[in-house]
Student: 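Supplied in structure tokens, the structure appears directly below.
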Amino acid sequence: MVDEFEHICTRKANVPGLVVMKDVTIAKSEFVEGEKAVTKLQDFQEDPELFRYCTLPQILKYVECFTGPNIMAMHTMLINKPPDTGKKTSRHPMHQDLHYFPFRPADRIVCSWTAMEKVHRENGCLVVLPGSHRGTLQEHDYPEWEGGVNKMYHGVRNYDPGHPRVHLEMEKGDTVFFHPLLIHGSGMNQTEGFRKAISCHYASSDCYYIDVKGTTQENIGNEVKELASRKYGVDDTVSFQDTWALRGRLVKGDRTSL
Ligand SMILES: CCCC(=O)SCCNC(=O)CCNC(=O)[C@H](O)C(C)(C)COP(=O)(O)OP(=O)(O)OC[C@H]1O[C@@H](n2cnc3c(N)ncnc32)[C@H](O)[C@@H]1OP(=O)(O)O
Ligand SMILES: Nc1ncnc2c1ncn2[C@@H]1O[C@H](COP(=O)(O)OP(=O)(O)OP(=O)(O)O)[C@@H](O)[C@H]1O
Ligand SMILES: O=C(O)CCC(=O)C(=O)O
Ligand SMILES: [Fe+2]
Ligand SMILES: [Mg+2]
């Protein structure tokens with residue numbers, strides 16, 4: 001999967017629907033090329049080698065405990081957290097993944113996140129607020145960070161830095177499964193290496209879409225629709241929900257609702 005990542009970065013593989021995201025500070029400097037410019041791949045559902053991750057039985061065995069037998073891979077990412085450029089933009093603000101998802105119920109959604117190498121505090125491991133999955137979905141917005149923030153990296157608005165945190169230091173191949181309401185983020189990468197992880201958000205295909213109009217998710221819904229219309233030239237008949245239905249892939253059982 002690391003090899004496939006490199007092929008994508010050097011344009012030896014061209015994957016439909018894939019989003020190659022650069023760090024905001026790197027995107028604004030001209031001199032970085034190839035994999036060193038790439039912070040994250042999103043939506044690799046059409047890449048057979050990377051998507052193999054989402055179908056691994058040793059992952060699905062645990063996912064099924066939360067989703068039941070009808071399992072969709074809704075969101076796929078390979079994160080290549082770069083060495084921080086000095087602007088602290090390699091941080092990921094504390095957030096709840098449910099903010100991005102116009103489907104419910106939350107308890108039938110689960111994320112698997114696998115370290116592709118040793119992750120620790122120095123290279124920006126995941127940081128979680130234990131117990132926060134028992135709360136409700138909070139308002140999210142761009143944090144007010146001096147050095148800039150990556151596109152769509154929203155954070156919880158009233159983040160309490162006094163809440164106890166747990167740093168998830170992991171060995172290569174270790175996987176963490178977490179609830180979409182769990183407040184989490186990751187720190188700066190203070191090493192010279194690129195911290196790699198691969199993840200998939202699964203949901204029961206029996207989940208249903210919700211309308212985010214008038215909810216705290218309206219801001220992200222509008223951003224996603226705006227990006228989709230610029231990127232794919234679609235008009236606003238493609239809804240926030242449609243962008244998810246188009247990306248989701250069945251990995252087990254029947255596609256019933258999503
Ligand atoms: C559970 C889910 C959690 C999450 O999903 S969290 C994060 C989700 N993030 C995303 O989905 C972001 C997806 N990213 C993208 O769609 C693209 O990378 C993005 C931001 C549209 C840029 O792509 P392209 O247009 O291909 O890039 P480009 O190099 O031609 O630059 C065009 C303009 O965009 C800027 N840009 C590029 N990467 C950025 C970034 N990371 N943050 C903020 N701005 C960024 C870039 O500087 C350029 O701006 P300008 O035109 O020079 O003013
Ligand atoms: N949809 C989900 N995805 C991932 N993990 C989940 C999901 N739902 C629950 N969990 C995890 O399963 C475990 C059991 O969940 P539960 O809500 O019972 O919390 P708990 O931490 O065991 O607290 P309690 O003492 O209230 O039972 C917890 O570790 C929780 O983080
Ligand atoms: O790998 C990380 O730093 C966390 C990424 C994350 O939480 C997300 O993209 O939703
Ligand atoms: Fe997240
Ligand atoms: Mg319990």
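In this chain, numbering begins with 1 at the start of the sequence shown. Both counts, for ligands and for their atoms, begin at 1 and track the order of listing. No experiment lies behind these values; they were computed from the predicted model shown.
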Student: Answer yes or no as to whether an N/O/S atom of H92 is found below 2.8 Å from the Fe ion (ligand 4).
Tutor: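 Given the 2.8 Å cut-off, H92 does not count as a ligand of the Fe ion (ligand 4).
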Student: Heavy-atom contacts with M152 under 4.0 Å: which atoms of ligand 1 show up? List them by number with element.
Tutor: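 Going through ligand 1 atom by atom, the ones under 4.0 Å from M152 are 6 (S), 7 (C), 8 (C), 9 (N), 10 (C), 11 (O).
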Student: Which residue and atom name correspond to the protein heavy atom nearest atom 46 (C) of ligand 1, and how close is it?
Tutor: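 The closest one turns out to be K28 NZ, 3.9 Å.
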Student: Could you check which of K22, M74, H99 puts a non-hydrogen atom nearest to atom 39 (C) of ligand 1?
Tutor: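 Ranked by closest heavy atom to atom 39 (C) of ligand 1, first place is K22.
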Student: Nearest heavy atom to atom 9 (N) of ligand 1: which of E226, H154, K151, H184 does it belong to?
Tutor: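 That would be K151.
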Student: Can you tell me the protein heavy atom closest to atom 3 (O) of ligand 3 and the distance?
Tutor: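 Atom 3 (O) of ligand 3 sits closest to the protein heavy atom S186 OG, 2.6 Å.
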Student: Below 4.0 Å from any atom of ligand 3, is there a heavy atom belonging to Y153?
Tutor: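 Y153: no contact with ligand 3 (<4.0 Å).
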Student: Does only the side chain of M94 get under 4.0 Å from ligand 3, or the backbone, or both, or neither? Count heavy atoms.
Tutor: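 It is neither part, as no heavy atom is under 4.0 Å.
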Student: I'd like to check which ligand 3 atoms, numbered from 1 as shown, lie under 4.0 Å from a non-hydrogen atom of H184.
Tutor: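 What qualifies from ligand 3 is 7 (O).
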Student: Is atom 7 (C) of ligand 1 less than 4.0 angstrom from some protein heavy atom?
Tutor: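 Yes; the ligand atom in question has protein heavy-atom contact below 4.0 Å.
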Student: Check each heavy atom of L227 against ligand 1 and say whether those closer than 4.0 Å belong to the side chain, the backbone, both or neither.
Tutor: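 The answer is the side chain.
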Student: Does the protein put a heavy atom less than 4.0 Å from atom 28 (P) of ligand 1?
Tutor: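 It does not; no protein heavy atom is within 4.0 Å.
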Student: Under 3.5 Å between some N or O of ligand 1 and some N or O of D23?
Tutor: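 So ligand 1 has no N or O lying under 3.5 Å from an N or O of D23.
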Student: Verify the contact flag for atom 51 (O) of ligand 1, where contact means a protein heavy atom under 4.0 Å away.
Tutor: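 Within 4.0 Å: no protein heavy atom nearby.
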Student: So is H201 close enough to ligand 1, meaning a heavy atom under 4.0 angstrom away?
Tutor: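 The answer is yes: ligand 1 sits under 4.0 Å from a heavy atom of H201.
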Student: Tell me, with the steps shown, if E171 and K118 meet salt bridge (charged side-chain N to carboxylate O under 4.0 Å, His left out).
Tutor: CA-CA 4 Å; E171 297 296 328; K118 196 176 170 77; 2.7 Å; yes
Student: With no hydrogens and no angle check, is any side-chain donor or acceptor of Q96 less than 3.5 Å from a backbone partner on Q138?
Tutor: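 Between the backbone of Q138 and the side chain of Q96 there is a qualifying donor-acceptor contact (under 3.5 Å).
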Student: Could you tell me whether atom 15 (C) of ligand 1 has a protein heavy atom closer than 4.0 Å?
Tutor: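 Yes, at least one protein heavy atom sits under 4.0 Å from atom 15 (C) of ligand 1.
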Student: Which of these, H75, Q42, H95, has its nearest heavy atom closest to atom 10 (C) of ligand 1?
Tutor: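 Ranked by closest heavy atom to atom 10 (C) of ligand 1, first place is Q42.
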Student: Just going by heavy-atom distances, which of H154, K40, K81, H92 is nearest to atom 6 (C) of ligand 3?
Tutor: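 Heavy atom nearest to atom 6 (C) of ligand 3 belongs to H92.
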Student: Using a 4.0 Å cut-off to any heavy atom of H95, which atoms of ligand 3 qualify?
Tutor: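 Near H95, meaning under 4.0 Å from one of its heavy atoms, ligand 3 has 6 (C), 7 (O), 8 (C), 10 (O).
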Student: Is there any N or O on H201 that sits under 3.5 Å from an N or O of ligand 3?
Tutor: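 Min N/O separation from ligand 3 is not below 3.5 Å for H201.
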Student: Strictly less than 4.0 Å: does any protein heavy-atom distance to atom 34 (O) of ligand 1 fall in that range?
Tutor: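 Given the 4.0 Å cut-off, atom 34 (O) of ligand 1 does not count as touching protein heavy atoms.
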Student: Is the side chain of T76 donor-acceptor paired with the backbone N or O of F44 at a distance under 3.5 Å, no angle test?
Tutor: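 Checked: pair present.
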Student: If we set the cut-off at 4.0 Å for heavy atoms, which region of N150 has an atom near ligand 1: side chain, backbone, both, or neither?
Tutor: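 It is both backbone and side chain that touch ligand 1.
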Student: What is the nearest protein non-hydrogen atom to atom 36 (N) of ligand 1, stated with its residue, atom name and distance?
Tutor: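 Here the closest protein heavy atom is A27 CB, 4.1 Å.
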Student: Ignoring hydrogens, what is the shortest heavy-atom contact between L98 and F103? Give both atom names and the distance.
Tutor: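 Result for this residue pair: CD1-O, 4.0 Å.
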Student: Looking at M77, which atoms of ligand 3 are within less than 4.0 Å of one of its heavy atoms?
Tutor: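 By the 4.0 Å cutoff, the relevant atoms are 8 (C), 9 (O), 10 (O).
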Student: Look at the N, O or S atoms of H184, main chain and side chain alike, and state whether any lies under 2.8 Å from the Fe ion (ligand 4).
Tutor: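 Under 2.8 Å: H184 contacts the Fe ion (ligand 4) through an N, O or S atom.
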Student: Would you kindly specify which portion of K40 sits under 4.0 Å from ligand 1, judged on non-hydrogen atoms: side chain, backbone, both or neither?
Tutor: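 The answer is the side chain.
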